[in-house]
Each structure stands twice: as C-alpha cells, then as structure tokens.
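This structure is a prediction, so every number in the text was calculated from the model and none was measured. In what follows, every heavy atom counts, from backbone to side chain, and hydrogens, waters and symmetry copies are set aside.
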Amino acid sequence: MRRMFGTAALLLTAALALAGCGGGGDNPLETTAASPSESASGGGTVVIGSFDFDESVLLASIYAQALEAKGVQVEEKPRIGSREVVYDQVKSGGLTIVPEYNGNLLAYVDKENTASTAEEINAALAEKLPPELEVLDSSPAEDKDTLSVTKETAQNTATMDDLAKVSKDMVVGGPPEFKNRWEQAFKDVYGIEFKEWKPTGPTTADAIKDGSIQVGNVFSTDPKMTVNDLVPLEDTKNIFPAQNVTPLVNKAGVDDTVRTTLNDISAKLTTDSLLDMMQKIAVNKDEPAMVAGEWLKSNGLG
C-alpha cells in the first residue's frame, strides 16, 4: 500500500519542494545528462533515479554499480520523490532508469486494471505504457502486502486458505485504512472473517510478536519480518497484486549492454536477498551503496 500512487497532498508537497530549489545543483531533477537519444552506454550518461525511501535507493545503487562495472557512464539521482514526479522524468528522458514495482506501476498508469499475477501485470504494462517507456525483466523479489504470523502459528496456518478456517478466533492488525480496503475482499476471495481489527500501524510486526494480535499486514521486505521471526501466509489466490522489482526505462536511453546487465540483476534478486539487505540498512545502519556492492560481488555481478 505504501508504494501506491500519491494523493493530492503528495503532489502539492512535491511541487513545493521543487519550487523551493533555488541553486542549479540543489534540485535533484535538474540534470546535465544527455538527451535520451544520446544517453545509451555508447557514449552518453545513463541517469538512474530512485524514490524517496531506502529500498529504492538500494536498488538504484545496485543498478548503477553493475552498469559502471560494464563501463557504462552513470549518474545517480537518489530520493527524487513520489511516483508522479519520477515517472514523468523517465518519460521525458530526464531519468533513464528507475527501479519500479510492477503492480503499483500498473495501478498508476491504469487505475481500473485488475491484473494480479506478475505475468498479467507485465502484459498489461506492455500495452498501457507510452511508447517512450518499457519495463525490463521483473525479478522474483517483491515488496508487497502480506498477512503474516509467528513461526509457531505458521506450523498449522501456512496459507490464507488455512487462515479462513481459524480467522474468527483471531485479531488482525495493520494500518488504519487496512480494514476498509481489505475486509470485504478477504471475505469474498477466501472467506476470511476476523474476530477484531486493530489499527496497529507501524507497530504491527511487534504486535504479532508480543501476541496482542495474531496476524498482521506487514510488507514482505520489512526488516521487522526477520527481527520478529515472522512468516508471510501464502496468498494462493493472489488477492495482493504482485509487486516485483522491475526496471522502468526510457527506451531511447538504453542499449543492449544496459538491458542485459539489468536483466541479469533481476534474474538473481529475490525477496529473501532484498529482505537481508534491508535489514543491514535498517538495523545495522550500513550504507545502501556498500550493501549494494556486497550483493553484486557475492552474485558475480560487480
């Protein structure tokens, strides 16, 4: 849910932030990079942007360091802001590449689309994206909604189908809006009905661990999944749309070297490896660039 297209307030915030950038080097969207037609690795600069959260910065650094190892000239523009701003920059050629999440990207370009699997979502994106843009190979890695439980609970309740059999005795937690968004869908798709819904917000993972709730909405790469030893229930009917990490690129700005390098990254990036890297950043306080370099080296991509 946190990756969904922004509200009007986010747009206003982004606009005010941009308006307040006075000097030439202060605005992350100002670039001296070549135009898209000149930005492929044959001679120009590939500009890689990221959203304003650590995981996106990490992924952009993975892309950047891998491309640099291939001799590609790269410029990074981290923490640009919301999808509204970043998407338009890739479309215009101000950015060449951004690490995206395919489900939320589709929700942004086609709000009515109901595709849920990675294959369905990517097929829809191929039809809905403007001609300037394309998505490259999606990775197995996902940062998506889950209903998660303790390992002890997961021994007997491993899937959301299993949850339906016991949910009336369970308290569920999540963001304040979680009940309104999902209560009816859980009932319609799985027959899940909870004893009580609690607005646990950012404390959801801790609340599962301490037993004040039995199941909760935690994102799949949230470091608290590991810290609290939680297990996501298998979503056998894909009620939560896929959110595979997927490079969004400006076609004119990338060549075969760039495409092949990013596709090689996607082939090796998993949810478990992304979760491990995010724990190093959030818990160990390691720098994203260092974590990215370690992952690339360990996977023969650096």
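- With hydrophobic clusters built from ILVMFWY side chains whose heavy atoms lie under 4.5 angstrom apart, L95 shares a cluster with L136.
- Annotation: cation-pi pair R83/F51 present, NZ/CZ under 6.0 Å from the ring centroid and within 45° of its normal.
- Judged by distance alone, with hydrogens and angles left aside, the side-chain atoms of N217 form a donor-acceptor pair with the main-chain N or O of T146 at under 3.5 Å.
- In this structure, the side chains of I208 and N228 stay at 4.5 Å or more apart for every pair of heavy atoms.
- Donor-acceptor pairing under 3.5 Å is recorded for the side chains of Q243 and N104.
- Looking at every heavy atom in both residues, N238 comes nearest to S116 through O-CB, 3.5 Å.
- A donor-acceptor pair under 3.5 Å is absent between the side-chain atoms of E100 and the main chain of L248, judged by distance alone.
- Scanning both residues, V189 and K237, for their nearest heavy atoms gives O-NZ, 3.3 Å.
- The ring-ring contact (aromatic ring centres under 6.0 Å, His included) contacts involving residues 71-94 comprise Y87-Y108, where partners must be two or more places apart or lie in separate chains.
- Under the 30°/60° scheme for interplanar angles, the aromatic rings of W197 and F178 are found to be tilted.
- In this structure a side-chain-to-backbone donor-acceptor pair under 3.5 Å is present from K144 to F240.
- Looking only at distances, no side-chain donor or acceptor of T157 sits under 3.5 Å from a matching main-chain atom of A154.
- Of the listed residues (D161, T159, D162), just one forms a side-chain hydrogen bond (donor to acceptor under 3.5 Å, both in side chains) with T236, and that residue is D161.
- The pair R259-E134 meets the salt-bridge criterion, since a charged nitrogen lies less than 4.0 angstrom from a carboxylate oxygen.
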side-chain hydrogen bond (donor to acceptor under 3.5 Å, both in side chains) between T246 and N122, worked out: CA-CA 9 Å; T246 305; N122 288 343; 4.8 Å; no
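- Residue pairs meeting the side chain to side chain donor-acceptor pair (under 3.5 Å) criterion with at least one member in residues 281-302, sequence neighbours excluded, do not occur.
- A donor-acceptor pair under 3.5 Å is absent between the side-chain atoms of E132 and the main chain of K91, judged by distance alone.
- Shown here are the salt bridge (charged side-chain N to carboxylate O under 4.0 Å, His left out) partners of D235, two or more places apart in sequence or in another chain: there are none.
- A salt bridge links D276 with K280; the closest basic N to acidic carboxylate O contact falls under 4.0 Å.
- Under the 4.0 Å criterion applied to side-chain N and carboxylate O atoms, K70 and E68 are not assigned as salt-bridge partners.
- With sequence neighbours excluded, the residues that form a salt bridge (charged side-chain N to carboxylate O under 4.0 Å, His left out) with D206 are K224.
- Counted by atom type alone, Q73 and T45 present one or more donor-acceptor pairs between their side chains at under 3.5 Å.
- S167 places a side-chain N or O within donor-acceptor distance of the main-chain N or O of E193, the cut-off being under 3.5 Å.
- The closest donor-acceptor contact from the side chain of T200 to the backbone of G174 lies under 3.5 Å.
- Annotation: side-chain hydrogen bond (donor to acceptor under 3.5 Å, both in side chains) contacts of D110 (sequence neighbours excluded): N113.
- Between the side chain of D137 and the backbone N or O of S266, no donor-acceptor pair lies under 3.5 Å.
- One finds a salt bridge joining K151 and D229 here, because a Lys/Arg side-chain nitrogen approaches an Asp/Glu carboxylate oxygen to under 4.0 Å.
- In the hydrophobic clustering of ILVMFWY residues, with side-chain heavy atoms under 4.5 Å counting as a link, L275 and I281 come out apart.
- Proximity of a side-chain donor or acceptor of T150 to a complementary backbone N or O of K209 within less than 3.5 Å is not detected.
- Among residues two or more places apart in sequence or in another chain, the salt bridge (charged side-chain N to carboxylate O under 4.0 Å, His left out) test is passed with D88 by none.
- In this structure, the side chain of T96 engages the main chain of V47 through a donor-acceptor pair within 3.5 Å.
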